[in-house]
Structure formats: structure tokens, C-alpha cells
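So the structure is just underneath, and the comments pick up after that.
Excluded from the calculations below are hydrogen atoms, water molecules and symmetry mates; all remaining heavy atoms, backbone and side chain alike, are included. What you see is a predicted model, and the numbers here were worked out from it, not measured in a lab.
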Amino acid sequence: MAPETPFALVIGAGPAGLMAADALLNAGLPVVMAEAKPSPARKLLMAGKSGLNITKDEDPDSFLAQYAEADEWLKPMLDRFGPAQVKAWAIQHGQEVFTGSSGRVFPKSMKASPLLRAWLTDLGRRGLDLRTRWRWTGLSNGSFQFQTPDGPQTLMPKTTVLALGGASWARLGSDGAWAEILAGQGVPLKPFQPANMGFCVDWSAHMAPHFGAPLKSIALIAGAQTHRGEAIISQRGIEGGGIYAVSRAVRDGATLTIDLFPDFSTQALAARLQNRPKGETTTNTLKKALKLSGARLALVLECARPFPSEPQARAEILKSLPIPITGPRPIDEAISTAGGIPRAALTDDLMLRALPGVFAAGEMLDWEAPTGGYLLTACLATGQWAGHAAATWSGQ
Ligand SMILES: Cc1cc2nc3c(=O)[nH]c(=O)nc-3n(C[C@H](O)[C@H](O)[C@H](O)COP(=O)(O)OP(=O)(O)OC[C@H]3O[C@@H](n4cnc5c(N)ncnc54)[C@H](O)[C@@H]3O)c2cc1C
């Protein structure tokens with residue numbers, strides 16, 4: 001059977017792929033979209049379960065700085081499709097948005113499903129041919145092979161955008177298996193690494209009552225970075241928004257410490273620890289002089305043994321309590337991943353140098369950013385950029 005010949009092919013129906021399809025349809029191209037899962041955008045829907053943070057309202061320089069060494073690379077894409085455009089896109093699909101006190105932007109419904117539903121309806125109305133349970137398995141001489149419910153299928157598109165996601169939460173679709181296909185095509189790749197993840201700690205038995213407890217009013221410190229936020233002690237280690245914020249530095253070798261009293265100077269804390277009654281136990285000192293209790297107290301007893309006797313040394317350790325992490329949690333649990341297709345493997349148009357006519361977008365690309373709406377914004381921006389460039393490349 002002769003291979004089917006759609007005009008443009010998008011593989012992966014996450015936010016990056018859907019935005020690439022949107023741009024291709026805008027340019028007037030018929031689009032076939034292949035998605036391995038039975039339904040599209042499962043990770044986006046999962047993201048919506050804890051409040052879909054679509055972007056961040058902040059000044060453009062600090063926004064861009066969150067992409068660290070990828071800032072210059074992503075700048076033109078984020079200039080074209082940045083926070084203002086992300087908000088307009090949500091509103092265009094019937095979702096009013098609001099900005100929280102931290103600058104994070106959410107749809108009023110907080111969920112992803114109404115936005116996704118409206119977007120898919122719009123794309124379908126404009127002719128998107130979405131084929132679910134179509135798993136991309138290989139590529140040879142410009143034809144893309146798929147496993148489908150109707151057996152193996154081959155497509156020979158004029159242009160293609162790959163948007164298969166990173167390598168975490170494999171059950172939602174992004175299993176990173178595409179890396180083997182692209183490596184086989186001579187595309188250089190960077191190894192995947194977890195990003196925005198928790199860490200493993202071998203807690204002693206006395207921490208068990210505190211599993212699931214949040215650590216509030218703390219600051220997380222890693223290398224030069226200090227972040228006010230929350231962490232959660234879990235059976236397996238330590239996780240939560242505050243930990244994710246410093247996770248890159250910790251992953252790259254910095255020691256993780258916690259400041260249990262970010263509103264006090266070391267001197268002020270040491271003053272409170274002066275002149276304690278002779279023979280007072282450590283636990284009583286911490287409870288009475290500092291009102292420490294619950295998970296915060298347990299953490300000190302766990303991580304600051306032997307507890308120093310001098311007030312100054314005590315204050316110092318409470319301001320920088322070392323957490324004995326043994327490594328990051330498994331990559332599949334990470335909110336996002338670093339690694340994948342490096343900038344050097346792509347043209348400025350996000351076309352793979354090794355595969356002319358094939359573009360890539362979203363978390364497949366080697367950039368990383370903290371949580372806070374930066375991930376979705378860059379997925380949408382790179383999807384839009386790649387879709388637009390693919391349309392231009394195909395001569396439309
Ligand atoms: C719990 C959680 C909460 C999050 N919350 C937020 C948030 O609030 N704000 C934010 O900015 N980001 C958030 N993120 C991150 C965000 O969801 C991702 O960065 C984003 O979904 C990545 O988009 P993508 O299109 O690149 O890839 P994905 O969304 O992973 O989509 C890739 C698609 O490709 C498909 N695919 C993979 N392999 C194949 C194949 N071989 N053949 C065909 N199809 C294939 C997959 O099934 C999937 O549908 C969250 C992530 C998680 C896990």
C-alpha cells in the first residue's frame with residue numbers, strides 16, 4: 001500500500017504539539033496529528049489538577065532569566081509568544097485568567113480541561129485530523145512509521161513537527177522513547193535529567209509520624225540560591241514547591257540546607273538561646289526558647305546531631321540545617337526534564353539539522369526552567385515557533 005501523504009504532520013498532542021498544529025492550520029496547511037495515547041494532552045490535564053499555572057506576570061528580563069543558559073536561545077520565541085500571548089490564548093478559548101499574589105497566572109477555573117476542550121474544538125473545526133493510539137516507532141527516508149489500532153501505518157508528510165515531551169510521568173505519554181529513534185538518525189542528544197523534583201532521604205524511624213507534614217515559614221538554600229517556600233517530608237525524602245525551586249542547584253552538586261528561621265538573624269536567634277537553665281534537654285530548649293514543634297522540631301533532632309552546645313553554633317545550624325539527601329527522586333516522578341535535543345542540533349527555526357523538514361518543540365528540547373508557568377509558556381512558544389517555521393519551510 002502506498003504511504004498516505006498528509007501535508008503537515010505533528011507528532012505528540014501535548015501543549016507544544018497542539019500549538020504547532022494551531023500555527024500550521026493558521027498558515028492554511030492540512031494537519032495530521034499523531035498521538036500515542038488514547039486521548040490528547042494527558043500531562044496538561046494532570047498539571048491542571050493542582051491549579052494550572054499557565055504563565056507568570058513579571059518584567060520581561062526576570063521572566064527570561066528563569067530559562068538560565070537557554071535564555072538567549074528562547075528569547076525570540078518568548079518575545080513572539082510570551083506571557084501576554086499565553087493569557088490572550090486562554091481568554092480566546094473562553095477562559096478568564098487571574099494573577100495570584102506571586103505573579104503566577106491561572107485560568108479562573110484553575111483546571112486545564114475547559115481550556116483544552118475549547119482548544120481541541122477550535123482546532124477540529126479548522127480541520128485538525130487527530131489520530132489517537134498512533135505511536136511513532138521509526139523513520140526512514142522521509143517516511144514516519146506508526147503502530148496504530150489498524151496495524152502499522154506509514155506517513156510521508158511534507159513537513160513535520162515533533163513534540164513528544166520530555167521523559168517524566170511516562171504513564172501520561174512522555175516516556176522519552178523518541179530519543180532512540182532520533183539518535184538512530186544521527187541527531188546528537190543530551191542525556192535526560194530530572195528537573196523540578198524531590199530528593200531521597202533515608203529518614204530514621206522517628207521521622208515517620210511527620211511523613212506528609214509541610215514545613216512552613218522556611219527558606220531553602222542551595223549554593224548561591226535562597227528561596228522562601230514550603231517543603232513536605234515524605235516517607236521517601238523531601239519534596240514540594242520550595243524544594244523544586246532549588247532542585248537544579250542541588251542536582252548539580254550544591255548542598256541542600258534549610259533556614260528554619262528566615263525572619264531572624266543568626267545573632268537574634270543566638271540571643272534567644274543564651275542563658276538556658278543548666279541541664280535543660282535539647283528538645284526543651286528548642287521548644288521553650290524557640291517554640292519549635294512538630295515536623296520542624298523533628299527535623300532539627302534528625303539532622304543536627306550532635307546538637308552544639310554554644311548559642312552561636314546552635315543558631316548557625318538552625319539557620320542552615322543540612323538535609324542528608326542521598327540523590328534525586330527517580331526521573332519519572334519529576335515535574336519536568338532537562339536534556340533532550342540541544343540547541344546545536346537545531347537551526348534557529350527549530351529544524352533538526354540532521355533531518356531537513358523536521359522541526360521539534362516543547363520539553364523535547366534541552367532547556368529547563370522552574371515551575372511557575374515558565375514550562376508551559378516555553379512549550380507553547382516553541383510549538384508556535386516550530387509550527388510557523390514548518391509552514392514557511394513547506395513553501396506556504
Ligand atoms: C504534575 C505536573 C504538574 C505540572 N504543572 C505545571 C504548571 O502548573 N505549569 C506549567 O507551566 N507546567 C506544569 N507542568 C509541566 C507541563 O505540563 C509540561 O512541561 C508540558 O506538558 C510539556 O509539554 P509538551 O507538549 O512538550 O509535552 P507533553 O505534554 O509531555 O506531550 C507530549 C505528547 O507526546 C505524546 N507522545 C510521546 N511519545 C509518542 C510517540 N512515540 N508517538 C506519538 N505520541 C507520543 C505523549 O503521549 C504526549 O501526549 C506540570 C507537570 C506535571 C507532571
Side-chain angles (χ1 to χ4, degrees), residues 8 10 12-29 31 33 40-41 43-44 47 52-68 70-97 99 103-107 112 115-116 118-120 122-123 126 128 159 161-163 165-166 336 340-341 343 346-351 359-393 396:
V10 178
L18 289 167
M19 190 50 89
D22 199 317
L24 283 157
L25 290 167
N26 267 348
L29 282 108
V31 179
M33 172 170 254
K43 194 179 258 186
L44 180 69
L52 186 71
N53 181 195
I54 53 172
T55 193
K56 183 102 183 261
D57 253 337
E58 67 187 338
D59 83 82
D61 287 344
S62 13
F63 185 86
L64 198 60
Q66 301 300 324
Y67 298 92
D71 62 346
E72 189 205 327
W73 179 27
L74 298 181
K75 185 176 186 314
M77 307 170 212
L78 291 164
D79 280 350
R80 194 200 277 173
F81 204 94
Q85 288 74 18
V86 173
K87 284 191 277 181
W89 158 80
I91 292 165
Q92 182 200 333
H93 293 100
Q95 299 306 302
E96 277 186 69
V97 298
T99 303
R104 292 176 180 225
V105 180
F106 301 87
L115 177 58
L116 178 63
W119 197 14
L120 288 171
D122 176 39
L123 293 170
R126 287 154 59 204
L128 179 68
T159 186
V161 178
L162 303 176
S336 60
I341 306 172
R343 180 182 186 177
L346 297 151
T347 66
D348 290 347
D349 281 345
L350 298 181
M351 185 168 79
F359 298 75
E363 235 186 272
M364 286 183 94
L365 308 184
D366 180 26
W367 55 267
E368 63 181 305
T371 57
Y374 305 107
L375 298 168
L376 274 179
T377 303
C379 287
L380 295 169
T382 54
Q384 209 265 354
W385 190 265
H388 190 265
T392 307
W393 189 87
Q396 294 298 301

Review point. Passes side-chain contact (heavy atoms from CB on, under 4.5 Å), E58 versus Q66? Steps please.
Key: CA-CA 11 Å; E58 67 187 338; Q66 301 300 324; 4.1 Å; yes
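Looking at L120 and L18, their side chains come closer than 4.5 Å, going by heavy atoms from C-beta outward. V161 has its side chain within reach of L24: a pair of non-hydrogen atoms, C-beta onward, lies under 4.5 Å apart. Proximity of T382 to M364: side-chain heavy atoms (C-beta onward) are nowhere separated by under 4.5 Å. Residues I54 and Q95 are not in side-chain contact: their nearest non-hydrogen atoms beyond the backbone lie 4.5 Å or more apart. Put simply, the side chain of H388 does not reach to within 4.5 Å of the side chain of N26, judged on heavy atoms. Here the side chains of L74 and L365 are not in contact, with every heavy-atom distance at 4.5 Å or above. At a threshold of 4.5 Å between non-hydrogen side-chain atoms, the residues T371 and R104 count as touching. Considering only heavy atoms from C-beta on, L44 comes within 4.5 Å of L376 through its side chain.
Shown here for A386 and A361, the closest heavy-atom pair between the two residues is CB-CB, 4.0 Å.
By the 4.0 Å N-to-carboxylate-O rule, D71 lies too far from K75 to be salt-bridged with it.
The side-chain contact (heavy atoms from CB on, under 4.5 Å) with L128 is formed by just one residue from the set V31, D122, D22; it is V31.
For D349, there are no salt bridge (Lys or Arg N to Asp or Glu O under 4.0 Å) partners two or more places apart in sequence or in a different chain.
Listed by first and then second residue, the salt bridge (Lys or Arg N to Asp or Glu O under 4.0 Å) pairs that reach into residues 364-392 are K190-D366, R248-E368, R251-E368, sequence neighbours excluded.
Here the straight-line distance linking atom NZ of K56 with atom CZ of F63 works out to 9.0 Å at 0.5 Å rounding.
The environment of CD in Q92 is crowded: more than 12 heavy-atom neighbours from other residues, nucleotides or ligands sit within 6.0 Å.
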